[in-house]
Amino acid sequence: MKLRIAPSPTGQLHIGNARTALFNWLYAKANNGTFLVRIDDTDTERSTKEFENDIISNLKWLGLDWDEGIEIGGPHGDYRQSLRFNRYQEIAESLLLQGKAYEDQGAIRFKVPNSGSIKFNDLVRGEMSFNLTDVEDFVILRSDKSPTYHLASTLDDVDYGITIIARGEDILSSTPKHILLMQALDAELPVFCHLPLLFGPDGKKLSKRHGDTSVAAFKEKGVLKDAMLNYLCLLGWSPGNDIEKFNLDLAIEKFDFNDVLPNSAIFDDKKLLWLNGLYIRSQQSDDFTKSAINKLTQTLDRELFDEELIRLKIILPSVQERIETLNDIKDQVLFLLDEPFNVNNEDWESVNSSEAQHYLTQIRSLFIDLDNFTPESIDRIMRTSIESLGIKTKIGFQAARVAVTGTKISPPLFESIYALGKEGTIARLAQRIENL
RNA sequence: GGCCCCGUCGUCCAGAGGCCUAGGACGCUGGGUUUUCAACCCAGAAACGCCGGUUCGAAUCCGGUCGGGGCUGCCA
């Protein structure tokens, strides 16, 4: 059993391609089959090396490794169609010689019988039947001698021994052409499977105008690959029992093309983000710390200092509980980094009051005299001060929060103060205390 | 226009004739918890496109209709 995906490097790897790749990969894994990746770059106008690199690197990022194909090679050369033009030309010539194709203004067209029908059993849709009267003679070799998709793709599938072709539904109506071509080549027919398309929120085939639909964009946004994979599985398929969060092992165990829904799904990143939150929260603390630091280094475009790392390690476990993507980390921890510290004016105005002033003044002087600056002692001082001043907890705590973190929204207060450290905390409190 | 595919809450998925006054999840609304934001817990609104037929009985089968989508390129 051999499956394949054949992306065209005319755009980045988008989530539709990724899902097709994933389903093929799952099926190959589940059945001990071979998964092949080749590059369909017959459209020399639009294909670029950059897109090819994007596709390959993002497939790798997702962990959808292949057994044969581009980069890793195999018994059939480079797995890039642009390097096989001779082969396509040779076959086109031979079809021409056999009278199965004819020349038309410099191009070669495949001659489609004008009666009869093509039937095949689609793994997702069941019995399919097309009347040949509805299939036009199609170009297989352009006038510049480059092959069209139909010829190149079909011939590759035959040459590489593909036994299951699972691809997007947009190719469904081209399948009769491919079957005709395979018959003309005396090839054994593979099993076909046309996966439903992914739509944007407007119900149209997912494309660039729906915003960032590339895998790379979600990776940039701080989406974890496991969350991405999990979400992609859920589009058109489910492992049953209303299970929503599951790993690839379970998916491999349960996956079957027969269970894929025939109707298209709308891609909605809300659920992806929710799942991503679940995955972030279920990460091992050490792993999360590592990915958080990586992300921050990348976002800040500089290495983090040791002092910053110490502060981060204190607060990160709390941050892990309250974010949806890795990109949310920065806002939560910015007050702990050696970056310009700004207090949000609006927030400060809304929490500042004479009571708040008294409170900040008192805890500041108590902090100054505090020898062991620990979460426990900070907690004790801040609570007892609230009581002794007879003010509302919220008034004191929120004022302290804005003073120390710069905004009304932050990780837990005592931890934030502890992470910032005694000196920093005292200094920031002082900045907020009037008439000092 | 022609050919083809599809049609369960806003969205994703469950449902393969009675277990369905249709279940789960995201999102949404309300409440609880709480020093903020989250997380978490509870509750709620929310769907079988429509019309016929088959059947004792249909979300499930059939036909039609309407609606959405894909293809219709010397793009893939």
Side-chain angles (χ1 to χ4, degrees), chain A residues 6-11 17 40-47 81 104-109 122 124-126 128-131 133-136 138-153 167-177 194 196-197 199 201-205 231 233-245 259 261-275 277-278 281 318-324 328 331-332 347 351 379 382-383 386 392-402 405 407-414 416:
Chain A
S8 292
T10 54
N17 300 144
D40 278 16
D41 55 353
T42 52
D43 184 348
T44 48
E45 291 288 307
R46 298 193 300 145
S47 295
Q81 293 187 331
D104 174 26
Q105 301 183 85
I108 297 179
R109 276 184 193 278
D122 189 284
V124 169
R125 279 151 230 286
M128 291 290 110
S129 176
F130 291 82
N131 282 325
T133 46
D134 296 321
V135 182
E136 326 257 290
F138 54 97
V139 172
I140 53 177
L141 203 68
R142 300 185 188 104
S143 51
D144 67 358
K145 303 299 174 210
S146 68
T148 61
Y149 162 73
H150 301 303
L151 207 219
S153 176
R167 76 236 293 202
E169 192 198 328
D170 49 345
I171 320 284
L172 181 56
S173 40
S174 291
T175 300
K177 294 174 186 168
H194 291 92
L197 261 21
F199 288 163
D202 62 351
K204 297 275 189 338
K205 190 163 111 171
Y231 178 73
C233 279
L234 255 16
L235 257 25
W237 181 78
S238 87
N241 298 112
D242 289 333
I243 299 172
E244 303 275 345
K245 182 172 184 273
D259 299 328
L261 255 27
N263 49 304
S264 24
I266 291 174
F267 178 85
D268 172 24
D269 64 359
K270 288 270 180 25
K271 193 160 184 171
L272 168 61
L273 261 19
W274 164 76
L275 254 182
L278 286 189
R281 271 168 257 133
S318 288
V319 173
Q320 185 176 3
E321 299 298 319
R322 34 183 50 78
I323 55 169
E324 225 166 29
D328 298 336
D331 284 348
Q332 295 262 336
D347 282 1
V351 297
D379 182 322
M382 293 189 69
R383 287 188 195 282
I386 288 283
K392 283 189 179 144
T393 310
K394 190 168 182 172
I395 290 183
F397 283 11
Q398 280 302 78
R401 186 188 307 281
V402 176
T405 71
T407 68
K408 289 203 284 192
I409 296 171
S410 82
L413 186 54
F414 306 142
S416 296

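Worth knowing before you read on, the calculation uses all heavy atoms, side chains too, and leaves out hydrogens, waters and symmetry mates. Throughout, protein chains are lettered first and strands after them, A, B, ... in sequence-line order, and every chain is numbered starting at 1.
Only the P atoms considered, B/U29 is 16 Å distant from B/A45, to the nearest whole Å. Going from the P atom of B/A22 to that of B/C28 covers 24 Å, rounded to whole Å. Using P as the reference atom, B/U8 and B/G15 are 14 Å apart when rounded to the nearest Å. For B/C19 and B/A59, the P atoms lie 9 Å apart once the distance is rounded to whole Å. For the P atoms, the distance from B/C6 to B/G10 is 22 Å, rounded to whole Å. Taking atom C1' in both B/C56 and B/C50, the straight-line distance is 25 Å, to the nearest Å. Rounded to the nearest Å, the gap between the P atom of B/C9 and that of B/A46 is 14 Å. Nucleotides B/G23 and B/A47 have their C1' atoms positioned 12 Å apart, rounded to a whole Å.
The distance between atom CD of A/Gln105 and atom P of B/G73, rounded to the nearest whole Å, is 14 Å. When rounded to the nearest whole Å, the span between CD of A/Glu169 and P of B/U72 equals 13 Å. Rounded to whole Å, atom C1' of B/C3 lies 16 Å from atom CZ of A/Phe138. Whole-Å rounding puts the A/Tyr149 OH to B/C71 P distance at 12 Å. Rounding to whole angstrom units, CG of residue A/Leu197 and C1' of B/G7 are separated by 16 Å. Atom CD1 in A/Ile171 sits about 15 Å away from atom P in B/G73, given to the nearest Å. Put simply, CD1 on A/Ile108 is 12 Å from C1' on B/C74, counting in whole angstrom units. A/Leu172 has its CG atom 11 Å from the P atom of B/C4, to the nearest Å.
Among the protein residues, A/Arg109 comes within range of the sugar-phosphate backbone only, with heavy atoms under 4.0 Å from sugar or phosphate atoms but none that close to a base. Among the heavy atoms of the strands lying under 4.0 Å from A/Asp104 is at least one base atom, whether or not backbone atoms are also near. Here A/Gly240 lies out of heavy-atom contact (under 4.0 Å) with every strand. When heavy atoms are screened at a 4.0 angstrom cut-off, A/Ala107 is found touching base atoms of the nucleic acid.
Side chain of A/Asp104 to backbone of A/Arg109: no donor-acceptor contact under 3.5 angstrom is found. In terms of modelled atom types and a separation under 3.5 Å, the side chain of A/Ser416 and the main chain of A/Pro411 share a donor-acceptor contact. Between the A/Asp43 side chain and the A/Arg46 main chain, a donor and an acceptor come within less than 3.5 Å of each other.
Nucleotide B/U60 forms no Watson-Crick or G-U wobble pair with any nucleotide shown, as no partner meets the under 3.5 Å limit on both distances. Nucleotide B/G1 forms a Watson-Crick or G-U wobble pair with B/U72, both donor-acceptor distances falling under 3.5 Å. Across all strands shown, B/G7 is found opposite B/C66 as a Watson-Crick or G-U wobble partner, with both distances under 3.5 Å. Base pairing of B/C40 is made with B/G32, judged by Watson-Crick or G-U wobble geometry with both donor-acceptor distances under 3.5 Å.
Note on A/Glu136 versus A/Lys177: no salt bridge recorded, every NZ/NE/NH1/NH2 to OD/OE distance being 4.0 Å or above. Remark: A/Glu244 engages A/Lys271 in a salt bridge, criterion side-chain N to carboxylate O under 4.0 Å.
Where A/Leu141 and A/Asn263 each meet RNA chain B at their nearest nucleotide, the meeting point lying more 5' is that of A/Asn263. Of the residues near RNA chain B, A/Ser146 and A/Ile266, the one whose nearest nucleotide (by heavy atom distance) lies more toward the 5' end is A/Ile266.
For A/Asp242, the side-chain atoms get nearest to B/G23 when compared with the rest of B/G23, B/G70, B/C5. Across B/G2, B/A25, B/G7, the shortest atom-to-atom separation from the side chain of A/Pro262 is found for B/G7. Counting only heavy atoms from C-beta on, A/Phe130 has its side chain closest to B/C4 among B/A14, B/C4, B/A76. Comparing B/C13, B/A76, B/G69 by their nearest atom to the side chain of A/Phe199 picks out B/G69. Comparing B/C74, B/C71, B/C12 by their nearest atom to the side chain of A/Asp170 picks out B/C71. Among B/C5, B/C3, B/G24, the nucleotide with an atom closest to any side-chain atom of A/Lys271 is B/G24.
A/Asp41 and A/Gln81 are not linked by any side-chain donor-acceptor pair at a separation below 3.5 angstrom, with hydrogens and angles left out of the test.
Taking 4.0 angstrom as the limit, A/Thr133 places none of its side-chain polar atoms (N or O) nearer than this to OP1 or OP2 of B/C3.
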Item to check | Chi angles and distances behind the side-chain contact (heavy atoms from CB on, under 4.5 Å) call for A/Thr44, A/Ser47 | outcome: CA-CA 5 Å; A/Thr44 48; A/Ser47 295; 6.0 Å; no
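A donor-acceptor contact under 3.5 angstrom links the side-chain atoms of A/Glu244 to the base of B/G24. Taking 3.5 Å as the limit, the base of B/C74 and the side chain of A/Ser143 contain a donor-acceptor pair of atoms between them.
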Checklist outcome for this item: Nucleotide by nucleotide, nucleotides 28-49 of chain B touches protein heavy atoms under 4.0 Å in the pattern (B base, S sugar-phosphate only, - none) -------BBBBSS---------
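Partners of A/Thr175 according to the side chain to side chain donor-acceptor pair (under 3.5 Å) rule, which considers only residues two or more places apart in sequence or in another chain, are A/Arg167, A/His194.
Taking 4.5 Å as the limit, every side-chain heavy atom of A/Lys245 sits out of range of all side-chain heavy atoms of A/Tyr231.
Closest approach of A/Ser264 to A/Phe199, counting heavy atoms only: OG-CE1, 3.2 Å.
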